[in-house]
There are 2 protein chains.
Amino acid sequence: MALRPIPAVPAETSKRTPARKGLRFLQNAKKPETVQRILLTAERMFAERGLAGARIDEIAADAKVNKALLYYYFGSKRELHRHVLERLFALLLTSVEAGRQNKGSPKENLLGYVNGYFDFVSRHPNYPRLVQREVMECGKHLAWIVDNYLRPLHQRLARAVERGITAGEFRRVDAQHTVTTLIAMTTFYFAAAPLLSELWGRDALHPRAVEGRRRAILDFLEHGLFRARTRSR
Amino acid sequence: MALRPIPAVPAETSKRTPARKGLRFLQNAKKPETVQRILLTAERMFAERGLAGARIDEIAADAKVNKALLYYYFGSKRELHRHVLERLFALLLTSVEAGRQNKGSPKENLLGYVNGYFDFVSRHPNYPRLVQREVMECGKHLAWIVDNYLRPLHQRLARAVERGITAGEFRRVDAQHTVTTLIAMTTFYFAAAPLLSELWGRDALHPRAVEGRRRAILDFLEHGLFRARTRSR
DNA sequence: GCGGTTTAACTAAACGGTTAGTCTAGTCGG
DNA sequence: CCGACTAGACTAACCGTTTAGTTAAACCGC
């Protein structure tokens with residue numbers, strides 16, 4: 001049943017991230033497909049079992065390379081994990097960047113963010129589990145992620161909500177909690193997809209199920225946040 | 001700041017779960033407080049770092065017992081982990097059982113569940129992280145948890161939603177997705193509490209913050225689910 | 001074009017630190 | 001005496017990491 005592992009999805013853009021010193025594969029990269037295969041396999045494993053639970057041997061075997069190659073490219077398990085995360089965060093940022101529209105009403109603006117985030121996560125279903133894992137342990141690693149990636153996103157969303165409130169399009173809600181709820185509705189669904197598949201007896205990541213989820217979120221959002229002419233307050 | 005570990009909370013009832021054969025501490029239990037201390041420490045560690053990430057030596061040291069005592073009582077790391085989970089599930093079931101009210105309108109009924117779940121989670125903030133960890137990996141362990149604990153709960157909630165719809169009190173929403181959203185709004189908040197604390201610069205588990213979250217959820221629920229006279233559809 | 005050199009990609013196998021789990025010998029309170 | 005518990009040494013396996021190579025292609029002077 002739907003408890004098969006969730007495959008990692010490669011980057012949609014062929015151009016790679018700018019060079020980082022000390023990392024061979026980003027400088028010359030004669031065979032980028034191997035590095036990709038390692039990254040995608042690692043993404044899947046880390047999402048499923050976490051940094052501590054994933055096994056280097058298994059990642060190497062699944063990626064069909066010798067495990068020494070992981071060290072040749074990434075230096076250590078932690079570094080590999082960091083690269084998996086950073087790759088996804090970079091994709092998320094560009095994805096959200098692409099989906100935003102500064103013109104348009106606050107409602108259209110917010111819906112752009114919500115749909116953008118939902119699109120990204122449905123294209124990268126491992127992302128929520130990887131981030132959830134980071135977010136659940138209170139280490140300094142977390143602070144770094146928050147400062148560099150999550151806080152900017154949350155602040156944008158919060159501002160979008162506040163603009164909607166001052167424009168009178170949204171109800172007078174708590175912006176912080178509303179953003180949390182928005183993120184939760186998408187993130188939880190994909191992070192708990194194995195559970196929901198088991199629970200419903202059908203694959204929660206099937207495209208039809210995913211679109212159903214999107215509709216449910218937009219519906220809830222519509223009647224939970226937006227002030228319509230026919231509704232009070 | 002708010003990145004301190006989240007303490008585990010002991011059972012509210014003094015009576016223990018019925019005896020299981022093969023487990024010394026449940027049969028005679030001359031010093032139940034030691035067993036409790038082990039369980040609560042393990043709960044905190046497993047929530048923070050997961051089964052694979054938590055260290056037996058560290059749990060023993062934090063619980064101020066000799067490591068051999070963990071094996072004396074629980075036999076293995078996995079068994080200890082299983083007991084931590086089962087203890088919490090048992091508490092959850094009794095807690096939800098206590099909070100339900102079959103009389104009353106569908107709305108009151110559903111609110112009873114939502115508040116009951118919220119109360120339980122806010123009293124046991126480690127629960128969401130422990131369960132989230134289980135739910136994210138697709139093992140057979142998951143199927144067992146779902147069948148025994150999660151499915152019954154979800155079904156009750158789904159029926160509560162459906163009754164509200166047929167009674168005309170709720171909008172005509174998808175019951176499954178609505179339940180998922182209800183669970184998500186509470187679960188995600190507490191599971192991601194370390195993140196939110198970091199993000200907001202204040203402790204997300206502080207009682208005032210927790211009550212703020214409850215209000216936000218109920219508000220969202222009110223305007224997202226319930227059909228009011230003044231609202232359309 | 002051709003031998004020789006370099007370099008990136010990759011491997012087999014060992015190495016060694018960590019850690020779950022065990023054992024012994026014993027203490028202490030009732 | 002017995003059951004709860006400790007101190008701490010110990011083991012065996014697991015698993016991250018390293019080493020010491022091999023292969024193949026690109027490069028280069030002639």
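The sequence lines fix the lettering, A, B, ..., with proteins before strands; numbering per chain opens at 1.
- Classification of A/E137 and B/R129 as a salt-bridged pair fails, no side-chain N sitting under 4.0 Å from a carboxylate O.
- Nearest-nucleotide positions on DNA chain D for A/G75 and B/K64 put B/K64 closer to the 5' end.
- Put simply, A/Y72 has no side-chain N or O that comes within less than 4.0 Å of OP1 or OP2 on C/dC10.
- Listed pair A/Y71 / D/dT19 fails the phosphate criterion, with no side-chain N or O lying under 4.0 Å from OP1 or OP2.
- Aromatic pair B/F190/B/F118: centroids less than 6.0 angstrom apart.
- With hydrogens and angles ignored, a donor-acceptor pair under 3.5 angstrom links the side chain of A/K67 to the base of D/dT17.
- A/R44 has no carboxylate O lying under 4.0 Å from a charged side-chain N of A/E58, or vice versa, which leaves the two without a salt bridge.
- Minimum atom distance to the side chain of A/N66 is reached by C/dT11, of the listed C/dA20, C/dT11, D/dA7.
- Between the side chain of B/K77 and the base of C/dG21, no donor-acceptor pair of N or O atoms lies under 3.5 Å.
- Contacts of A/A54 with the nucleic acid, taken as non-hydrogen atoms under 4.0 Å apart, involve only primed sugar atoms and P, OP1 or OP2.
- Side-chain nitrogen and oxygen atoms of A/T34 include at least one within less than 4.0 Å of the OP1 or OP2 phosphate oxygen of C/dC10.
- Side-chain proximity of A/A68 to D/dT18, D/dG16, D/dG3: nearest is D/dT18.
- Going from atom CD1 of B/I59 over to atom P of C/dG21 covers 11 Å, rounded to whole Å.
- If you take CG of B/D57 and C1' of D/dC10, they are 13 Å apart, rounded to a whole angstrom.
- Residue B/T186 comes nearest to B/I217 through the heavy atom pair OG1-CD1, 3.5 Å, listed as atom of the first residue, atom of the second, then distance.
- Summarising the geometry, the separation between CD1 on B/I38 and C1' on D/dA4 is reported as 11 Å, rounded to the nearest angstrom.
- B/Q36 places its CD atom 17 Å from the C1' atom of D/dA4, with the value rounded to the nearest Å.
- When rounded to the nearest whole Å, the span between CG of B/L70 and P of C/dT22 equals 12 Å.
- To the nearest angstrom, P of C/dT18 lies 14 Å from CD of B/E58.
- Of the candidate nucleotides D/dT18, D/dT6, C/dG21, D/dT6 has the atom lying nearest to any side-chain atom of B/L69.
- The distance between atom CD of A/E33 and atom C1' of C/dA8, rounded to the nearest whole Å, is 13 Å.
- When the side-chain nitrogen and oxygen atoms of B/R55 are compared with OP1 and OP2 of C/dT18, none of them lie within a distance under 4.0 Å.
- A/Y73 places its OH atom 13 Å from the C1' atom of C/dT11, with the value rounded to the nearest Å.
- The shortest distance between side-chain heavy atoms of B/L80 and B/L39 falls below 4.5 Å.
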